[in-house]
Amino acid sequence: MKSVYSNFLRLSTLCLLGVLLLCTAAGLLFNVKLLPGGLSRSMLLLPAALILFWGYRRYSSPLELLRSLEEVGYIPEPGCSRLQTVNQVRYRRKKGDLPPVYPNGWYRLLDSHLLLRGELKNITLLGEQVALYRTQEGQVYVVDAYCPHLGANLAVGGQVVGNCIECPFHGWQFNGEDGKCTKIPYAVKVPEFAKIKTWPSCEVNGMICIWYHSDGLAPTWSIPEQEEITSKEWVYRGRTEHYVGAHIEEIPENGADIAHLSQVHGPCAISGVDLRYTNSKLWKFVKHTWKVQWQPEPEPNNHCSQMFLEHALTLFGKHFALLDLHVIARQVGPGLVFMTFKHDFLGSGVILLCVTPVEPLLQRVSHSIYYQENMITAIPKFILWVECKQFERDIMIWNNKKYVSKPLLIKEDSAVQRHRHWFAQFYSENSPRLVFQQQGLDW
Ligand code: FES
Ligand SMILES: [Fe+2]
């Protein structure tokens with residue numbers, strides 16, 4: 001029942017495509033005059049078939065919006081390229097009295113479908129390089145990218161052999177389970193101390209995550225499974241990826257910063273992402289309004305917090321209750337957010353919002369949407385697109401702001417202070433701090 005809609009759409013598109021191709025073939029081969037004008041008119045059916053096929057592929061494939069750092073959130077400086085602007089802003093910006101840069105917790109590395117069996121990838125996160133690979137049996141392992149022998153990058157030219165990863169330089173093999181070296185092609189015996197660092201990892205909700213703790217502690221909590229994703233009741237409909245030039249804590253803190261919602265996210269999404277123009281008169285007749293509450297969860301889920309968000313849309317000052325949307329954004333640890341929504345007509349689904357530090361003041365942020373399968377794909381894709389536009393407005397603030405350790409808050413901002421207190425649990429004594437080096441911040 002749940003896939004009746006998509007099967008019907010697929011079948012009807014294929015039928016129409018078949019008819020168009022048959023008509024074209026008949027016109028070309030037998031000069032059958034299916035359309036007035038004969039052969040030349042029949043040939044017009046071919047581009048029509050191709051356009052139909054292209055349109056169907058566009059419609060049914062997941063949305064992918066991947067943005068580089070310089071594409072979003074910077075105002076180009078006169079005479080500078082986008083990249084030069086980014087480097088200048090990052091170089092001269094006041095950094096403020098920053099908290100430690102890598103909080104303890106689980107972080108997303110990659111969406112599961114982007115790592116095939118036998119595939120190997122090099123990923124930068126937390127100021128480190130890791131090699132991520134999937135065995136032929138489907139198991140995922142994460143190890144340090146640099147070989148302890150002479151430093152080659154295992155993910156650049158290396159290969160997956162059974163449970164092991166083989167270095168491209170001298171052929172040493174390391175087991176992803178415990179990091180032990182299992183083979184040195186030119187040695188009689190593999191010494192006991194030959195080992196590579198492994199990272200605790202897990203695969204859940206269609207993504208591969210790794211655990212980081214500055215003291216090397218094992219995971220103290222696990223990532224909750226979204227059952228609708230595992231059971232395929234909700235299916236993948238697209239993803240976005242952005243880079244944000246800010247401290248990681250700025251991003252989740254946004255959920256507790258209630259006052260910014262009407263200022264930054266009030267203007268309609270179509271009015272763009274450049275905050276200089278979002279309040280243009282042209283789009284004044286559409287407005288988003290938000291009501292938000294933020295609160296931490298009690299033990300044993302004190303590593304989680306929840307934001308309850310009620311969204312309403314007004315057109316010419318008139319409220320359309322049909323478009324009201326209730327969202328629960330559950331923050332799980334420092335780097336994962338589950339935004340679930342339910343709507344009587346628009347259906348239900350989840351956006352997995354993941355923030356992964358690449359380096360101290362650079363975050364990779366992904367949004368992946370999973371939605372009930374029997375809903376037309378345009379709905380989840382549109383929701384993801386709107387979320388993406390609203391998020392890009394925040395990026396413009398984050399990329400240019402300074403972290404204020406002692407902010408000037410008023411009573412109405414109290415959730416910001418409570419959020420900072422809650423977030424502090426993810427730092428420990430040895431959490432690394434930014435060593436200030438202006439020349440080290442170039443992108
Ligand atoms: S550097 Fe990896 S085996 Fe030599
Ligand atoms: Fe925001």
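Numbering of ligands and ligand atoms starts at 1, following listing order. Note that these values count all heavy atoms, side chains included, but never hydrogens, waters or copies made by symmetry.
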Angle in degrees, rounded to 10°, that OD1 of Asn254 and NE2 of His260 form at the Fe ion (ligand 2): 80°
Where ligand 1 meets Cys167 - atom numbers and elements under 4.0 angstrom, heavy-atom basis: 1 (S), 2 (Fe), 3 (S)
No-hydrogen, no-angle side-chain donor-acceptor test under 3.5 Å, Trp199 and Asp144: yes
Nearest non-hydrogen protein atom, atom 1 (S) of ligand 1: Leu150 N, 3.3 Å
N, O or S from His170 under 2.8 Å to atom 2 (Fe) of ligand 1: no
Phe391 and His242 aromatic ring geometry - parallel, tilted or perpendicular at 30°/60° bounds: tilted
Asp394 backbone or side-chain N/O/S under 2.8 Å from the Fe ion (ligand 2): yes
Whether Tyr371 and Phe341 hold their rings parallel, tilted or perpendicular, with breakpoints at 30° and 60°: tilted
Lys401 to Trp398 six-membered ring, cation-pi geometry met (6.0 Å, 45°): no
Element-labelled atoms of ligand 1 that are located less than 4.0 Å from some non-hydrogen atom of Cys147: 1 (S), 2 (Fe), 3 (S)
Geometric class of the Phe174/Trp172 ring pair [parallel <30°, tilted 30-60°, perpendicular >60°]: tilted
Proximal ligand 1 atoms for Ala152, defined as those under 4.0 Å from one of its heavy atoms: 1 (S)
Parallel, tilted or perpendicular: ring planes of His311 versus Trp290, cut at 30 and 60 degrees: tilted
Metal site atom 4 (Fe) of ligand 1: N/O/S of His149 inside 2.8 Å: yes
